[in-house]
Colleague: 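One structure coming up, written as structure tokens, with questions to follow.
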Amino acid sequence: MRANCSSSSACPANSSEEELTVGPEAQGSLELVFTVVSAVMMGLLMFSLGCSVEIRKLWWHIRRPWGIAVGLLCQFGLMPLTAYLLAISFSLKPVHAIAVLIMGCCPGGTISNIFTFWVDGDMDLSISMTACSTVAALGMMPLCLYLYTWSWDLAQNLTIPYQNIGITLVCLTIPVAFGICVNYKWPKQSKLILKVGAMVGGVLLLVVTVAGVVLAKGSWNSDTTLLTISFIFPLIGHVTGFLLALLTQQSWQRCRTISLETGAQNIQMCITMLQLSFTAEHLVQMFNFPLAYGLFQLVDGVLIVAAYQIYKRRLKNRPRKRNPDCAEVCHDKNCREASAFLEVHEEAAGTPEPSGPIDRHRALEPIGHITSCE
């Protein structure tokens, strides 16, 4: 391995590294899956999701980037630190520890934009965070990797995939710009494009994930520790991102958005960096983690979306106690307020006034109290 730290006592572990073999056909197929298909998927998804972006709200996020700042703090503050602590806590092998750290230093992935749409999140903030984290990765990735590996005896510096970062940024901004134009000129048609794009995007993500797992079946090993980390890592990102957004008094809509953006990483960028920095002999061992992380972050996102949709439906279908004397008068009012229960603070997130703790406490009041007749 070109970046060898097995002889250093500062590394997470000093155990011997297992040598695994994999056919070149599998690696070639994996590269094809995660480059061509991912590029096409990203372009189509970002165009359709760009149809949900409004120029006024996007400009407001740029003028007052509090939500973007919190998201960047989660992306390049919490995630690299979490990766480092996991590598130390589980005493990973050197090759696995570096793979986990690289994943933690990568910017956010486009999968978070899809999940944000499905949980009624702030799409303007989500796309802004993805673009800003990709730009910030040009400097933050090497900085974070240097800070967390300076005590490790690395024989060679890690190679930052600047070309891949640039391609990702182009594939992100250009389709979004076209989507914004479509939403501005044809708002009715943009809603249809958004719904179709979100559904197609989910199918494409599932296909890419399944194809990657099937094609890489020859490189999977029985390292349960690495699989455990790949399962809990995105969950920790979602929880810590939500809590930090909550502590900074972001609205519930932004809390959901920042949470999803924090736990969802750019898998393709991690794989590209591993390919540029390590030899094929050890690359097969490191491929396991980004593939498993991609699979589990998809599963976690689906579970979060399912839980939110169930919670949303239960709130709308919750039986309400009404005064018989004013049942007819309050019936329409109750229905309207119940249907708008989850959208009160979503609309407030697009206005210049910041959302504070009082707004969130109001949102947690029982529906029966909110819609009681006077």
Side-chain angles (χ1 to χ4, degrees), residues 45-46 48-54 56-58 60-61 66-68 70-71 74 108-130 176 179-180 183 187-188 190-202 205 237-239 241-246 248-264 297-298 300-318 335-351 353-356 359-365 367 370:
L45 287 181
M46 299 318 297
S48 61
L49 295 177
C51 293
S52 66
V53 178
E54 298 182 10
R56 178 180 59 85
K57 294 182 179 180
L58 182 63
W60 183 81
H61 280 299
W66 308 122
I68 297 177
V70 174
C74 295
T110 56
I111 188 175
S112 60
N113 306 127
I114 302 175
F115 289 144
T116 300
F117 172 77
W118 285 336
V119 298
D120 300 329
D122 191 338
M123 291 301 302
D124 305 274
L125 176 61
S126 178
I127 294 177
S128 301
M129 285 180 56
T130 303
V176 169
I180 294 175
N183 186 30
K188 294 182 179 180
S190 64
K191 294 181 180 179
L192 178 60
I193 296 175
L194 178 61
K195 294 181 180 180
V196 175
M199 296 176 60
V200 174
L205 286 174
H238 292 314
V239 174
F242 185 87
L243 292 178
L244 183 59
L246 194 63
T248 55
Q249 298 185 352
Q250 301 296 316
S251 65
W252 290 116
Q253 186 185 33
R254 293 184 184 179
C255 288
R256 297 194 298 267
T257 303
I258 295 174
S259 173
L260 291 171
E261 287 286 338
T262 303
Q297 82 172 2
L298 178 62
D300 294 341
V302 171
L303 293 178
I304 292 174
V305 172
Y308 173 79
Q309 294 296 333
I310 294 175
Y311 171 75
K312 182 179 178 180
R313 291 187 178 183
R314 289 188 62 182
L315 285 180
K316 290 184 177 181
N317 297 331
R318 181 181 298 177
C335 296
R336 288 195 302 269
E337 292 185 357
S339 62
F341 177 77
L342 295 172
E343 303 174 1
V344 172
H345 300 287
E346 327 303 9
E347 297 177 356
T351 58
E353 291 81 10
S355 57
D359 294 330
R360 288 193 294 270
H361 290 313
R362 289 178 180 175
L364 293 177
E365 293 181 2
I367 295 181
I370 296 177

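Counting from 1, the numbers follow the sequence of the chain as shown.
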Colleague: Using 0.5 Å steps for rounding, measure from the CG atom of D124 to the CZ atom of R56.
Modeller: 9.0 Å
Colleague: Drop me the distance from H238's NE2 to C74's SG, to the nearest 0.5 angstrom.
Modeller: 12.0 Å
Colleague: Tell me if a side-chain donor or acceptor on S126 pairs with a main-chain N or O of D122 at a distance below 3.5 Å.
Modeller: no
Colleague: Test your reading of the model: is there a side-chain donor-acceptor pair from Q309 to the backbone of W118, 3.5 Å cut-off?
Modeller: yes
Colleague: CD1/I304 to CZ/F115 distance, rounded to the nearest 0.5 angstrom?
Modeller: 8.0 Å
Colleague: When rounded to the nearest 0.5 angstrom, what distance separates CD1 in I68 from CD1 in I258?
Modeller: 10.0 Å
Colleague: Tell me which one of I111, N113, V119 satisfies side-chain contact (heavy atoms from CB on, under 4.5 Å) with L260.
Modeller: V119
Colleague: Donor-acceptor pair, distance only, cut-off 3.5 Å: does the side chain of R254 make one with the backbone of L125?
Modeller: no
Colleague: Just by distance, do the side chain of S259 and the backbone of C255 share a donor-acceptor pair under 3.5 Å?
Modeller: no
Colleague: Is the side chain of S190 donor-acceptor paired with the backbone N or O of P187 at a distance under 3.5 Å, no angle test?
Modeller: yes
Colleague: Could you state the interatomic distance from CD (Q250) to OG1 (T257), rounded to the nearest 0.5 Å?
Modeller: 10.0 Å
Colleague: Nearest 0.5 Å please: distance from the CD atom of E261 over to the OG1 atom of T130.
Modeller: 3.5 Å
Colleague: So do D120 and K312 actually touch side chain to side chain, heavy atoms under 4.5 Å?
Modeller: yes
